[in-house]
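So that the names make sense, note that chain A is the first sequence line, chain B the second, and so on, each numbered from 1.
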There are 2 protein chains.
Amino acid sequence: MVQIPEHPAPTSTPQYSVPTSADVARLAGVSRATVSYVLNNASAVRISEPTRRRVHQAAKELGYVPHAAARSLRAGHSRMVLMPAPAVPVGPLYSQFFNELQWALSRFDYTVVQYGSVGLQGDEAARAWAELRPVAVLVPGSGLGPQGVAVLKRSGARAVLTLGPERVEGAHALLMDHSVVGRSAGAHLLARGRRRIGVVMPEDPGLDIFAKPRLEGVRQALHGTGATLTEVPLAYEEQSAAQLAARWRALGLDAVFAYNDEYAMLLMRALQDEGIPIPDETAVIGADDLMLGRLLRPRLSTVHIELPSGQELAELVDRAVRDFGAPPGTHEVLGATVLHRASS
Amino acid sequence: MVQIPEHPAPTSTPQYSVPTSADVARLAGVSRATVSYVLNNASAVRISEPTRRRVHQAAKELGYVPHAAARSLRAGHSRMVLMPAPAVPVGPLYSQFFNELQWALSRFDYTVVQYGSVGLQGDEAARAWAELRPVAVLVPGSGLGPQGVAVLKRSGARAVLTLGPERVEGAHALLMDHSVVGRSAGAHLLARGRRRIGVVMPEDPGLDIFAKPRLEGVRQALHGTGATLTEVPLAYEEQSAAQLAARWRALGLDAVFAYNDEYAMLLMRALQDEGIPIPDETAVIGADDLMLGRLLRPRLSTVHIELPSGQELAELVDRAVRDFGAPPGTHEVLGATVLHRASS
DNA sequence: TTGAAAGCGCTACCAT
DNA sequence: ATGGTAGCGCTTTCAA
């Protein structure tokens with residue numbers, strides 16, 4: 001289970017020990033109960049104004065800060081929403097989404113905590129999270145199995161939500177099916193009259209969870225149209241792009257969906273250096289709608305991705321927590337819109 | 001102090017209550033003490049092999065997960081390193097640095113938790129953090145005052161480290177003085193023979209904490225050389241860049257440090273659209289060494305920024321925790337190197 | 001080798 | 001209006 005390694009004892013004792021509510025009570029000349037009532041604005045009991053003042057004064061004087069662990073231990077539950085930090089370095093899109101979510105959840109009086117679980121595998125990670133007894137767990141990406149969900153629920157988590165490509169038994173699913181991105185891109189390229197379509201596959205294996213569904217989406221869009229699909233591996237390096245560009249004409253493609261805008265920019269530059277006219281000979285489309293794509297010449301077409309608003313998601317979490325008897329639901333939360341610019 | 005709003009009672013009771021070590025003890029037919037010994041591999045006591053097996057078996061059967069809050073309450077301390085999530089959306093540089101740090105700290109058996117404190121102000125935030133009784137707090141950016149540091153320390157935090165532009169009384173400082181970035185850029189432009197130097201100031205006020213020191217660094221580099229410095233406000237939008245470019249010649253600048261690579265790319269495109277040759281008429285240098293800067297024509301010169309390694313930082317944190325009697329130290333942790341490419 | 005029990009800081013019930 | 005106190009889950013002496 002859990003091992004507590006030994007750590008050296010403090011080299012010196014703190015001059016002041018941490019003040020507790022008992023200290024506040026002593027200083028104010030009241031009982032611990034009264035302190036608790038006052039500091040929590042308990043509505044069930046009425047405390048006289050002078051007493052309140054004395055307590056507040058004493059608390060301030062001592063620099064008293066309540067002990068969250070003790071409180072939630074006593075209460076039997078917490079308002080902590082735990083969110084494992086995604087292992088893959090994610091873009092600004094996600095960062096912003098996360099901040100928004102955090103803000104929205106705090107409006108519901110939840111405390112959002114991002115837990116770094118580097119190096120832990122699957123169910124082992126779930127156990128580590130469960131030790132914190134969060135009221136809800138919001139898991140990005142894949143990597144949590146039904147076992148993990150069960151562990152969390154048995155440990156009192158009232159809602160487990162996954163943000164990822166697939167449903168997990170027992171958990172609410174916020175399906176972020178990236179195939180819709182590929183479908184949009186594929187459909188767009190078809191509509192532009194392209195027939196021999198390449199799809200960039202980043203060589204960074206960490207990106208597979210996004211890249212594979214996007215590829216699959218393109219495949220779906222092309223299905224039954226007679227258009228061909230060619231996977232094009234590419235590392236996020238100039239040299240890799242140059243090599244690819246050198247053999248580009250041999251691939252015989254008239255369009256390429258470049259996984260995202262960054263890869264698109266990398267590839268586009270290499271193709272242009274090779275003298276391949278865009279979009280005439282090869283159309284290029286990216287994804288993520290980065291500002292920088294607009295600066296290219298020709299301007300980069302892209303698939304704009306809509307994540308759910310933090311507000312919506314926070315409501316979903318709150319509802320799941322409150323109706324935690326209800327069966328877990330599934331929500332499609334990824335939108336995709338093609339922004340047609342000059343490169344396609 | 002802290003207000004606990006009321007929340008509706010559970011709509012239904014969980015079918016199974018969360019298993020405790022007492023449940024494990026009961027099922028295994030031993031005492032709670034024995035369970036604790038077994039699950040924590042206590043070296044002080046020897047437990048017979050059959051008993052161990054029974055305990056492990058029972059724990060597994062019940063899906064027992066220890067309660068971190070109860071444990072740290074009893075222990076009187078935790079191994080939690082708390083890191084407030086930076087309010088400003090930060091780039092991939094920081095994300096990677098953070099992951100590395102997290103990993104390194106986990107090697108020291110710390111649990112890293114990122115706490116989202118959106119909407120909390122200064123010392124209020126510090127109190128919220130202090131409620132969690134972290135053993136160490138690692139605060140990025142500015143925003144924590146001496147008061148806040150005191151609150152944290154009085155609440156048992158054995159180390160408070162700030163990652164930011166300036167020292168804070170009582171806290172260890174990992175000084176990330178961005179003026180070194182500006183100094184490098186300024187010195188480089190001077191060395192290239194430029195004399196009328198512009199410095200892009202992003203209009204996003206959240207970036208001021210980086211932008212102002214960078215500006216100051218340029219000022220320092222130019223000091224006493226007779227070169228002039230002009231602040232150039234720019235929003236991260238094409239239109240803003242276009243407007244700036246339109247009046248560029250009137251500014252009479254022969255070089256510009258563009259805050260970072262993204263702003264540099266934005267500006268460079270606008271200048272080129274305006275027919276201003278780079279670097280002949282105006283030299284451009286960015287910062288952050290983004291891959292995408294290499295794709296521009298001319299290739300973008302940049303200031304490569306070196307953050308400290310996660311390993312180093314983890315060691316620093318660990319030492320600070322262990323020798324928490326020692327006076328807080330100051331460490332310069334930002335390096336800057338100019339990568340001269342074609343744009344300057 | 002194992003068990004009984006105290007107590008970490010806090011809140012909520014029940015007295016007064 | 002205020003105080004006494006039990007008990008949340010856990011670890012760790014001390015006794016047996």
Side-chain angles (χ1 to χ4, degrees), chain A residues 1-7 9 17-26 28-55 59 62 64-79 130-133 155-156, chain B residues 1-7 9 17-26 28-55 59 62 64-79 130-133 155-156:
Chain A
M1 307 273 118
V2 175
Q3 304 191 15
I4 304 278
E6 314 213 358
H7 293 287
S17 64
V18 180
T20 73
S21 76
D23 295 322
V24 176
R26 206 162 15 247
V30 297
S31 75
R32 275 153 58 233
T34 304
V35 171
S36 176
Y37 291 143
V38 171
L39 298 185
N40 295 313
N41 287 317
S43 45
V45 283
R46 300 223 61 78
I47 304 284
S48 71
E49 204 42 54
T51 305
R52 305 185 82 84
R53 238 190 299 282
R54 284 219 311 287
V55 170
L62 293 175
Y64 169 71
V65 174
H67 192 307
R71 173 180 293 172
S72 67
L73 183 58
R74 164 70 221 221
H77 61 87
S78 75
R79 299 280 295 170
E131 292 194 6
L132 299 181
R133 297 290 191 272
S155 302
Chain B
M1 306 271 119
V2 175
Q3 305 189 14
I4 302 280
E6 315 213 356
H7 293 287
S17 63
V18 180
T20 73
S21 76
D23 296 322
V24 176
R26 204 160 19 244
V30 297
S31 75
R32 275 153 61 230
T34 305
V35 171
S36 177
Y37 290 143
V38 172
L39 298 185
N40 295 313
N41 286 318
S43 45
V45 283
R46 299 222 60 78
I47 304 284
S48 70
E49 204 43 55
T51 304
R52 304 184 82 84
R53 235 191 301 282
R54 283 219 310 289
V55 170
L62 292 175
Y64 170 72
V65 174
H67 192 308
R71 172 181 294 170
S72 66
L73 182 58
R74 164 69 218 218
H77 61 87
S78 75
R79 298 282 293 171
E131 292 194 5
L132 298 182
R133 297 289 191 274
S155 302

Residue list, side-chain hydrogen bond (donor to acceptor under 3.5 Å, both in side chains) with [X], at least two apart or on another chain:
X	value
Ser36(A)	Asn40(A)
Thr51(B)	Ser48(B)
Thr34(A)	Ser31(A)

Please report the distance, rounded to the nearest Å, between [atom1] in [X] and [atom2] in [N].
X	N	atom1	atom2	answer
Leu62(A)	dG9(C)	CG	C1'	15 Å
Arg26(B)	dG9(D)	CZ	P	11 Å
Asp23(A)	dC8(C)	CG	P	11 Å
Arg71(A)	dC8(C)	CZ	P	19 Å
Leu39(B)	dT11(D)	CG	P	8 Å
His77(B)	dT12(D)	NE2	C1'	13 Å
Glu131(B)	dT11(C)	CD	P	10 Å

Using the side chain to side chain contact (heavy atoms under 4.5 Å, CB included) criterion, which residues pair with [X]? Sequence neighbours excluded.
X	value
Arg32(B)	Ser21(B), Ala22(B), Ala25(B)
Ala42(B)	Tyr37(B), Val45(B)
Leu132(A)	Met80(A), Leu82(A), Tyr115(A), Pro134(A), Ala68(B)

Mark up nucleotides 2-8 of chain D, 5' to 3', with B wherever a protein heavy atom is under 4.0 angstrom from a base atom, S wherever such an atom reaches only the sugar-phosphate, and - elsewhere. BBBBBBB
Val38(A) versus Ile47(A), closest heavy-atom pair with distance: CG2-CG2, 3.9 Å
Taking only the side-chain heavy atoms of Asn40(B) (C-beta and beyond), determine which of dC10(C), dT11(D), dC10(D) contains the nearest atom. dT11(D)
As an exercise, state the distance from NE2 of His67(B) to CG of Leu73(A), rounded to the nearest 0.5 Å. 5.5 Å
Does Ser21(A) have a side-chain nitrogen or oxygen under 4.0 Å from the phosphate oxygens OP1 or OP2 of dC10(C)? yes
Angle by which the axis turns from one end of the helix from dT1(C)-dA16(D) to dT16(C)-dA1(D) to the other, five pairs per end, to 10 degrees: 50°
Who pairs with Arg53(B) by salt bridge (charged side-chain N to carboxylate O under 4.0 Å, His left out), at least two apart in sequence or on another chain? none
